[in-house]
Amino acid sequence: MALINSVVLVGNLTRDAEIRFTPGGAAAIRFSIAQNRRKKVGETWQDEAMFFDVNMMGKSAESVHPFLKKGKQVAVQGELRQDRWEQDGQSRSKVFVFAFSLQLLGGGAGQGSGSTNSGSTWQSDAPAPSSRQDASYESYPESSGQFEDDIPF
């Protein structure tokens, strides 16, 4: 059985990206993007907003951080990950996108589509697995849990 975990999203930032640094000095950014989906309710069409949390790490995350302002349209490619924790005796979890690649698209954050940064692509320093048929999820160091204490979010 093939293990496939891949996601590509295009959306607009809902807030400016946050940056933190691990104790080892690696940059970690976090932001959220929104997409609108149209659905028919009765005889009318309504927009429904969907929100996705995105994390990215490495030197490329540090480089792209200044451009990630509220309203900026971006394309991200990565995989889904799940954080798990316990709060007040209750098990909690949250799914987010761990981005391997980020591309700035036109408009948003006061920049026109002719911005010099429009269309620029940043690749994460974390390895992007192309196929997981031959390897288990635990074989990738960024997902094995060994960095859980290093990520400052």
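Computed from a predicted model, the values in this text were never measured in an experiment.
Residues K69 and L13 fail the side-chain proximity criterion, which asks for heavy atoms closer than 4.5 Å. R81 places none of its side-chain heavy atoms less than 4.5 Å from the side chain of N55. Counting heavy atoms from C-beta outward, F67 and L102 have side chains that stay 4.5 Å or more apart.
Partners of K40 according to the salt bridge (Lys or Arg N to Asp or Glu O under 4.0 Å) rule, which considers only residues two or more places apart in sequence or in another chain, do not exist here. Applying the salt bridge (Lys or Arg N to Asp or Glu O under 4.0 Å) test to D16 and every residue at least two apart in sequence or in another chain returns nothing. For V95, the side chain to side chain contact (heavy atoms under 4.5 Å, CB included) test picks out L80, Q82, with sequence neighbours left out.
The OG atom of S60 sits 7.5 Å away from the CD1 atom of I29 when rounded to the nearest 0.5 Å. L68 CG to R15 CZ: the interatomic distance, rounded to the nearest 0.5 Å, is 11.5 Å. Atom CE of residue M56 and atom NE2 of residue H65 lie 12.5 Å apart, to the nearest 0.5 angstrom. To the nearest 0.5 Å, the span separating CH2 on W85 from OG on S93 amounts to 6.5 Å.
Listed here is the closest heavy atom pair of I33 and T14: C-CG2, 4.0 Å. Taking every heavy atom of both residues into account, M57 and A28 meet most closely at CG-CB, 4.0 Å. Residues G11 and Q35 come closest through the heavy atom pair CA-CG, 4.3 Å. The minimum heavy-atom distance between A27 and E62, with the atom names listed, is CB-CB, 3.6 Å. Annotation for A99 and V54: closest pair CB-CG1, 3.9 Å, computed over non-hydrogen atoms. The heavy-atom pair separating G71 from N12 by the smallest distance is O-ND2, 2.9 Å.
For residues 82-101, the set of pairs meeting the salt bridge (Lys or Arg N to Asp or Glu O under 4.0 Å) definition, not counting sequence neighbours, comprises D53-K94.
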Atom pairs and distances, side-chain donor-acceptor, residues 45-52, under 3.5 Å, sequence neighbours left out:
from: D47; atom 1: OD1; to: R38; atom 2: NH1; distance (Å): 3.2
from: E48; atom 1: OE1; to: R37; atom 2: NH1; distance (Å): 2.6

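You'll find the ring centres of F100 and F98 inside the 6.0 Å limit.
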